[in-house]
Amino acid sequence: MYPTSRLNTVLEQAWKRKYYQQHWVMNLNEALSLLDARQYHALPVIRKRDISDNWDTLIEYGDFTDAVSSSGTTGRPVDLPVHRLQEQIWVDCVSRVFSELGAVPGDKLLQLLSNNDMFTLGPLVWQAAKKTGIGTFRCSPQRTKRILEVIKYHQPKFVAGNPNIMLNIANELGDDFPAPELLPDYAYFGAGVSFDGHNEPTPVTKKVMRLWGLKDALNEYGCSEVGSIGHECRYHNGFHINDDAVFVELIDPATGLPSKTGEPGEIVVTSLTVPRGFIAVRYGTGDISAWMDYEPCECGRRTPRIGAIIGRIDHQLKVLGQTVFPDLIFNIVDTMDTVETSLIVKYSDDNGAEQIELWVSPTGDPEKTIESIRKSLEQRLAVYPKIRQIAAATIKKLQQEKMAESNGVKLPRLIEITNVDFWIGLG
Ligand SMILES: [Zn+2]
């Protein structure tokens with residue numbers, strides 16, 4: 001199942017960068033022989049931290065046409081140069097989502113994905129739209145009046161955005177939000193999760209589909225270090241991997257070995273094309289996918305598929321010593337009409353021990369709501385965090401503060417806080 005000859009080429013190119021020579025602790029021939037021995041996973045994983053720490057021996061500016069930045073590391077920021085041909089491949093992969101949605105030249109797109117300096121997908125989607133021949137209206141999700149005007153006067157057939165943010169827009173506008181028939185028909189869901197480990201739309205996605213009156217929506221998955229990794233097809237059987245551009249493994253974080261069939265694992269990516277500013281050889285994305293499947297899909301494609309992103313290895317929460325993924329909790333809480341908003345907070349208690357709490361703001365009777373959340377969590381999860389009632393305004397304030405520190409694209413739902421008493425005191 002390895003794309004052996006292409007992996008050969010990539011390993012040979014990677015070997016020219018000093019960092020990999022040191023990182024692999026083996027010579028090139030030994031590394032290449034792992035492919036024949038079906039032991040590719042024995043090559044060490046590289047992480048964002050390694051990029052930051054080993055910039056000069058790992059990264060080549062080459063003929064770069066863009067620099068993509070990612071947050072979340074201390075030390076040297078990771079502003080990766082994207083070479084000219086590399087960028088074209090990334091754009092091509094992203095444009096596949098528009099083709100799958102049936103977009104043709106002359107179509108219009110409402111683009112709600114940020115084009116700001118810390119976000120890679122926005123500019124890629126814009127370029128992919130141009131490549132497809134789609135006319136783009138770029139709108140900041142905060143400028144709801146402008147969004148309304150674009151919808152009213154231009155009636156775009158497509159929208160690209162993060163489902164959580166699209167839900168916020170609909171909620172914020174309330175009665176001013178247009179009727180479904182006036183809104184776009186198809187959505188490109190990026191920079192967020194839109195379906196669960198069983199290929200079912202998440203509660204947020206269901207609400208967005210209904211409020212926006214969408215006929216269909218496809219989720220795309222990628223990261224700024226390696227570009228687009230895959231996207232859904234119209235049959236919604238997980239993400240089809242762009243197997244001409246990337247080789248994907250699912251790795252059990254506990255053992256470093258390939259995950260067992262049907263089991264979750266960390267998505268580890270090797271880029272299959274050169275040149276690259278950063279040659280990714282077994283790059284650990286930190287994202288956990290629910291499963292990997294090599295069976296052909298109903299759509300006729302034979303590419304491997306990966307399941308929904310159900311968490312991050314650094315967001316695995318330990319409750320009573322057991323692993324809990326935040327998204328599994330939100331997928332339950334978000335279905336409840338009696339909860340306005342919710343958040344998971346992580347903090348150190350007076351003894352320095354890590355504490356996890358689920359903060360919810362009920363719309364009705366708080367005690368009944370919390371009791372029904374407890375029951376639902378109990379039914380579906382082995383362990384779950386303590387549940388606390390908090391005002392919706394407090395949750396929003398916390399999220400806004402957190403958002404100002406990050407790239408301002410994703411709405412944070414797991415927040416590490418230091419002054420827990422202050423926030424609880426706000427109500
Ligand atoms: Zn398919």
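Being a predicted model, the structure only gives us computed values, none of them experimental. Remember, it's 1-based here, ligands and their atoms both numbered in the order they're listed.
- Listed for the H83 side chain is a donor-acceptor partner under 3.5 Å among the backbone atoms of E60.
- Taking the six-membered ring where the residue is Trp, H231 and H240 present tilted rings, their angle falling between 30° and 60°.
- Classification of the F137-H154 ring pair by plane angle, with boundaries at 30° and 60°, yields parallel.
- Sorted by first and then second residue, the ring-ring contact (aromatic ring centres under 6.0 Å, His included) pairs involving residues 246-265 (not counting sequence neighbours) are Y2-F247, Y40-F247.
- A donor-acceptor pair shorter than 3.5 Å cannot be found between the side chains of R305 and N237.
- In this pair, W212 and F177 present their aromatic rings perpendicular. The plane angle is above 60°, beyond the 30 to 60° band.
- Protein N/O/S atoms found under 2.8 Å from the Zn ion (ligand 1): C233 SG, H240 NE2, C297 SG, C299 SG.
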